[in-house]
Amino acid sequence: MATSPALAQERAAEVAIDTSSLDGAIKLLSRQTGTSIGFRDPGLAGTQVRAVRGRFTASQALERMLTGTMIRARRIAPATYLIERVTRQPVVASPRRQPPPRPAIEQAPPPEEIVVTATKRDIPIGFYPGGVQIVEGSELSAAESLRGTEAIEARIASVASTHLGPGRNKLFIRGIADSSFVGPTQSTVGQYWGNSRITYSAPDPNLRLYDVRSVEVLEGPQGTLYGAGSLGGVVRVVPRSPDLHTFEGSAWGGVLGVQHGKPGVDGGAILNIPIKEDVIGFRALAFGSVEGGYIDDVQRGLDDVNRVRTFGGRAALRVDPGDDWTIDLNAVGQRIDGDDSQYAERNVGELDRASAIAQPFRNDYWLADLVTRKNWGSLELTASLGYAGQYVFERFEGPILTDPDDPAVGPTVSASVAAAAYTQANRISMVTGEVRLARRGENGTGWLIAASLLHNRAETNRRMEALPFGTPLTGVNNQVEEATLYGEGTVEPLDRFTLTLGGRLTHARLSGSSEDVAEALAFRVDPGARASRSETRFLPRWRRPIARPTG
């Protein structure tokens, strides 16, 4: 679990450093005082510094060591110093010549508090009683943002996926999984974009991480706040909101070289417009990429068949009408087109396979939400309404089909064979709504109460094809409706100990029916194979008193 930095009082230590170069002196001082000292400018390494002997704190020793040089030590965090050059100030004529000021230790401002917002009531990270990892958006380069969820996997060890290809993967946290394949059941990982849920049972849309403020991963279970779909944990991406004060824009572009494959390109642009300063702001993003393929299909004689094209954008409108009200309207859209599957066959070649047909895939995703907030000091009311839609198409090489009517059939040939294709199309739509009231207290204390509604509909159509004919297979239509009341509170009964209690009451109705096959050919008493059930569950939550950090 990550912890917040605590400002600790420096202690004096015995320091014994002879006159030497800066790089050697700070290594020795770091060991003697237990502090972290470094520099970014390699030209400072050979600077001669003074000898220091006696009992000093790290800041006192640095000040004596650097006296007479044009460099200084700046404290950037507790027990952490950065050595840098002193910026020369312009000389102003005066009647009396003043000696130049001696470089001294510059105290940096206190570190900015890191807050876990995925808890739905802001909690300082040092007081959060669980496993959490936060990646700041400023740490993600354009190349990492292009990778989407793969960038989160690379930075956070507890997050993994099935690696079936972009727009087809299923996410896991801490290895908790029900299956490697996406099905009608709710995912074990809750995925959120800002305040809205991204999916219920659909594959990860692999939304690009351009222009995001942070990525938060809460290790599960998180049932009280997020329900049964957070058994493994929660991944929440927080996009940047419009700036109501500054007109700004940026653009980027890049070229990707691929060994054993074709090159790729990517690019995009961001624009922020304060339509009415301090009141209305608009922010938009557009991006696109082409990832060159690198897998060859030896049976069809094609090279680099697995090219992937991704295009999308986002738009956000923020209104600040005053009196601590904030209204956000957001829209997200992205399309992933893959020319062929992403797998190779070991018995064919390292990056080769042998298939009779192309196996393209596609993932179209769109999200729109409206979020309204009102603050009364430490009390915050949040109301949100969101709609998410997703279309997922996949084509696989199916079993070998026979055609006994083929005129090529002779006395020694029982049938001719044809390459078959199995296709599956999923259409998913989800509507969510939530109202919650939360209060933030000191040391991670506080409470929240909330009510939420969810409606998810997933329609799956399947088909077996062997051109020029095709056969529809049985599809399914599943629907889920949920109404939930939940809440939790954290108190501090003893100094440095917190106790959290909460619960979640959910009433759900699940229904489903078969699709596609004509009733005359179904050979069932109920051709639609319809079924439904309802259930009501209460999930309690408690956490025993947990010691919090001192400092």
Side-chain angles (χ1 to χ4, degrees), residues 1-7 109-137 190 192-196 213-219 222-227 230 233-234 236-241 318 320-328 369 371-384 434-452 484-504 541-551:
M1 183 185 78
T3 57
S4 61
L7 291 175
E112 183 178 352
E113 183 180 57
I114 300 176
V115 175
V116 185
T117 61
T119 53
K120 298 191 177 183
R121 57 181 179 92
D122 296 351
I123 298 178
I125 193 172
F127 300 103
Y128 176 70
V132 58
Q133 299 289 335
I134 298 179
V135 178
E136 296 296 334
Y192 289 78
W193 187 269
N195 206 70
S196 295
R213 193 181 75 194
S214 64
V215 178
E216 300 181 23
V217 175
L218 303 185
E219 293 184 357
Q222 298 290 334
T224 304
L225 298 180
Y226 291 99
S230 61
V234 172
R236 180 172 181 258
V237 179
V238 184
R240 292 192 182 279
S241 300
R318 165 164 286 190
D320 184 355
D323 197 25
D324 291 322
W325 282 94
T326 304
I327 302 171
D328 288 297
D369 68 1
V371 183
T372 303
R373 294 183 176 86
K374 166 66 176 175
N375 286 294
W376 297 275
S378 61
L379 200 64
E380 181 181 69
L381 174 68
T382 304
S384 63
E434 182 178 80
V435 177
R436 67 176 181 265
L437 183 66
R439 182 184 181 277
R440 178 181 179 181
E442 295 182 353
N443 302 332
T445 60
W447 52 263
L448 73 84
I449 54 174
S452 67
T484 303
L485 293 173
Y486 67 91
E488 71 169 23
T490 300
V491 297
E492 191 177 27
L494 299 172
D495 184 35
R496 299 189 298 109
F497 285 84
T498 59
L499 174 67
T500 299
L501 298 173
R504 185 181 185 93
R541 179 192 183 187
W542 72 280
R543 286 187 183 271
R544 59 197 175 104
I546 297 176
R548 63 177 176 83
T550 60

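Using a 4.5 Å cut-off on side-chain heavy atoms (C-beta onward), Arg440 and Pro124 make contact. The side-chain heavy atoms of Val238 and Tyr192, taken from C-beta on, include no pair separated by under 4.5 Å. Two residues are said to be in side-chain contact when any heavy atoms from C-beta on lie closer than 4.5 Å; Leu448 and Thr119 fail this criterion. When side chains are defined from C-beta on, Asp324 does not count as touching Trp376, because their heavy atoms never get closer than 4.5 Å. The side-chain heavy atoms of Val435 and Leu381, taken from C-beta on, include a pair separated by under 4.5 Å. Two residues are said to be in side-chain contact when any heavy atoms from C-beta on lie closer than 4.5 Å; Glu492 and Glu442 fail this criterion. Put simply, the side chain of Val116 reaches to within 4.5 Å of the side chain of Leu218, judged on heavy atoms. Looking only at side-chain heavy atoms (C-beta outward), Glu216 and Val234 stay at 4.5 Å or farther from each other.
Side chains of Arg236 and Thr117: a donor on one and an acceptor on the other come within 3.5 Å.
Contact detail for Arg504 and Ser452: the closest heavy-atom pair is NH2-OG, 4.4 Å.
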Practice problem: Evaluate side chain to side chain contact (heavy atoms under 4.5 Å, CB included) for Val491 paired with Thr445, printing each intermediate quantity in order. | Solution: CA-CA 5 Å; Val491 297; Thr445 60; 5.5 Å; no
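Side-chain atoms of Asn375 do not come within 3.5 Å of backbone N or O of Gly377 as any donor-acceptor pair.
Screening Glu380, Glu434, Gln222 for a side-chain hydrogen bond (donor to acceptor under 3.5 Å, both in side chains) involving Lys120 leaves a single residue, Glu434.
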